[in-house]
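In what follows, chains are A, B, ... by sequence order, proteins preceding strands, each numbered from 1. Only heavy atoms go into these numbers, but all of them, side chains included; no hydrogens, no water, no symmetry mates.
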Amino acid sequence: MAMIEVRDLRKVYKDIVALDGVTFEVEKGEIFGLLGPNGAGKSTTIRILTTLTLPTSGSARVAGYDVVKHPMEVRRKIGLVAEKVILYDRLTAWENLMFFARLHDVPDKEARSRIEEGLKMVDMWEWRNVRVQKFSTGMKQRVNIVRSIIHRPEVLFLDEPTLGLDPQTTRRIREFVKELNERGTTIVLTTHLMNEAELLCDRVGIIDKGCIVALDTTAKLKRMIKSSGVEIVALEIPNGSWQALEELKRMPHISKVVMVDQDEVHVHMDGIEDAVTYLVNAVQKLGLKIRTIKSLEPTLEDVFIELTGHSIRNGVK
Amino acid sequence: MNIAFNDLKYFFRNRVAVFAMILMPLFMMLMTGYIFPKLQSTGDIKMAFVCYDEAFERFIKDKVKDVIILESIDDAKEWLLRKEIKAVVVIPEGFLKGLLRGENVVLKVIPNPNDPQSSMAVSHSIAGFAFPLSKSRGKVSMKLINPDGSDFKYYDFMAPGIIAMVAIMSVVNGLAAAITRERERGTLDGLLVTPTPASAVIVGKMSAQIFRSLIQSSLILLLAIFLFHISLQGSIFMVYIMLIIGVFSFMGFGIIITSSLSDQESAQMLMGAFTFPMMFLSGVFFPISQMPAFMQKIAKVFPLTYLADALRKIMVLGVSMKSVINDMLILVAFALVMTGIAIPVFAKATKT
């Protein structure tokens with residue numbers, strides 16, 4: 001049985017179309033990722049699935065219940081880690097967790113043992129009686145995750161769970177998410193980080209401008225690029241000018257030129273023979289020097305660029 | 001310069017705030033302008049007498065056709081409560097004799113707590129009326145008292161109103177702040193993804209605010225009693241009951257405003273644009289009866305008017321529940337209607 005069923009979901013705010021017919025399913029026990037740039041509709045999807053926003057049209061069912069018709073039943077089954085940390089900063093970690101446990105009707109005795117277990121798992125036990133306002137962002141997020149699973153939800157929604165965290169905390173949160181999943185929690189997370197989606201998710205829905213443009217396992221998504229005959233070559237070009245790159249884009253066999261960094265450029269090419277040689281010649285004709293060159297395994301980011309025509313980070317074509 | 005320009009631009013893009021900014025001074029000037037000129041005129045002021053001097057009673061009945069003579073102070077309270085009279089003049093025994101003999105006599109005047117200023121005018125007109133009788137060196141002096149005989153102070157009129165005002169204002173602002181803060185911080189979402197109905201969230205927040213406002217009004221009450229010795233004739237229990245009902249009557253309004261506006265600045269500005277005139281129009285600082293008719297009508301829209309009125313009756317006149325039942329019913333109606341609107345508005349606002 002599908003844990004989550006989303007059918008042709010649309011959400012229109014005044015004159016902005018946030019979601020334009022989104023359809024997908026998430027199986028029980030899966031880690032499902034919604035990947036897309038800011039404003040693509042990831043958060044709106046999460047808000048509808050967590051009953052915080054009503055859809056304009058379409059339907060969504062979570063754990064068998066319709067989010068519009070039976071929001072209370074849905075709420076009993078879900079946990080949410082939103083973009084903003086859901087904790088009261090003048091309360092201590094313990095008080096916060098106790099408060100939310102009671103809102104979920106968890107008996108106090110059970111709540112106490114769950115809080116202890118949860119805080120120990122995220123290494124925050126010794127901080128239990130400190131006010132949340134004293135915590136760093138990473139510490140807050142760790143307690144926040146304990147809060148989100150205090151009632152043992154069947155589905156956990158995480159909206160950009162690692163946003164603004166240091167690499168070490170990011171890694172720990174990802175491990176924690178995996179661990180929860182192994183214990184049977186279905187997980188839906190949004191991210192704009194390609195590697196996060198690749199690392200964590202069983203399946204990924206790529207969302208752009210309110211539409212799901214691709215949905216599959218990460219491996220299959222990447223294979224899709226290969227089979228379409230696209231070759232991706234990374235070039236390190238010191239002092240490369242924009243103008244020269246624009247010209248490069250107009251050459252035959254070259255479909256996309258993406259600035260990844262100051263000096264680094266990814267070039268998407270048709271899968272012609274001697275693609276690399278062709279490219280080297282082309283670049284040299286433009287009077288640019290190549291420092292390094294390598295053929296790339298496609299990443300989810302490349303998939304995204306192929307599908308939407310723009311980069312996830314800055315929308316550069 | 002650039003910063004100033006940007007600040008102004010930022011401000012003017014907030015339509016609600018601009019609206020409030022224009023409205024506020026307009027209201028202030030209109031109100032104060034209309035309230036004060038009336039202070040000069042004594043106009044048609046009705047009063048009654050409680051007479052302990054038979055000679056004077058005969059004399060006044062003879063002179064003035066439909067004079068109101070009351071049996072006792074308790075009667076006087078009833079009349080004051082019905083607001084048919086502005087003041088009760090208490091004539092002591094042997095008043096007329098003393099006056100004719102040229103002795104110094106004291107008149108006691110019980111002002112209507114709703115309108116002490118008119119009562120002052122009453123005392124002056126009495127003095128003018130009694131003075132020719134004395135013919136000689138005798139002096140008539142005036143004393144404003146409460147029904148129980150203690151001195152009446154202008155603050156006795158103000159204190160109940162101020163307590164009412166503080167209670168209502170602190171709750172409205174507190175509630176608005178609590179809701180917008182939770183919304184902006186994202187904790188409101190946290191409450192709403194739990195199986196807690198929106199109405200429970202609202203009622204919980206209201207209760208916390210009521211508790212807060214009761215602490216605050218208790219402080220003022222204590223201060224007023226022990227520092228300024230204001231009169232507290234009625235039961236303190238009644239005062240609290242009225243405060244709770246009064247506060248409830250206004251909270252729904254606060255929720256409606258904060259729910260329909262998404263950011264804290266707009267909510268606060270609009271709230272201010274509403275509560276500020278309310279402060280002046282509800283008879284907290286100036287008696288309503290002195291205001292022009294249209295303002296008196298506006299005053300009827302504000303729950304604070306009824307709360308202040310009821311508290312004054314309880315604290316100054318020391319009346320029982322029966323006498324404030326009207327105020328109470330109006331406030332309860334306000335509370336039910338406002339909360340009734342507020343809950344669905346809040347629930348809807350949180351779903352966008």
Can you tell me how the ring of A:Phe32 sits relative to the ring of A:Phe24, calling it parallel under 30°, perpendicular over 60° and tilted otherwise? parallel
With a cut-off of 3.5 Å and sequence neighbours excluded, list every side-chain donor-acceptor pair involving residues 59-74 of chain A.
from	atom 1	to	atom 2	distance (Å)
A:Arg61	NH2	A:Gly64	O	2.7
A:Asp66	OD1	A:Val68	N	2.8
A:Asp66	OD1	A:Lys69	N	3.1

Let me know if A:Leu80 has heavy atoms under 4.5 Å from chain B in its side chain, its backbone, both or neither. side chain
Report, one line per pair, each donor and acceptor closer than 3.5 Å where one atom sits in a side chain of residues 212-223 of chain B; sequence neighbours left out.
from	atom 1	to	atom 2	distance (Å)
B:Ser213	OG	B:Ile210	O	3.2
B:Gln216	OE1	B:Ser170	OG	3.0
B:Ser217	OG	B:Ser213	O	2.4
B:Ser218	OG	B:Leu214	O	2.6
B:Ser218	OG	B:Tyr240	OH	2.5

Given that the side chain runs from C-beta out, which part of A:Ile48 has a heavy atom under 4.5 Å from chain B: side chain, backbone, both or neither? neither
Interface check, chain A: of B:Leu192, B:Thr187, B:Leu188, most non-hydrogen pairs under 4.5 Å belong to B:Thr187
Other residues, nucleotides, ligands: >12 heavy atoms within 6.0 Å of A:Lys28 NZ: no
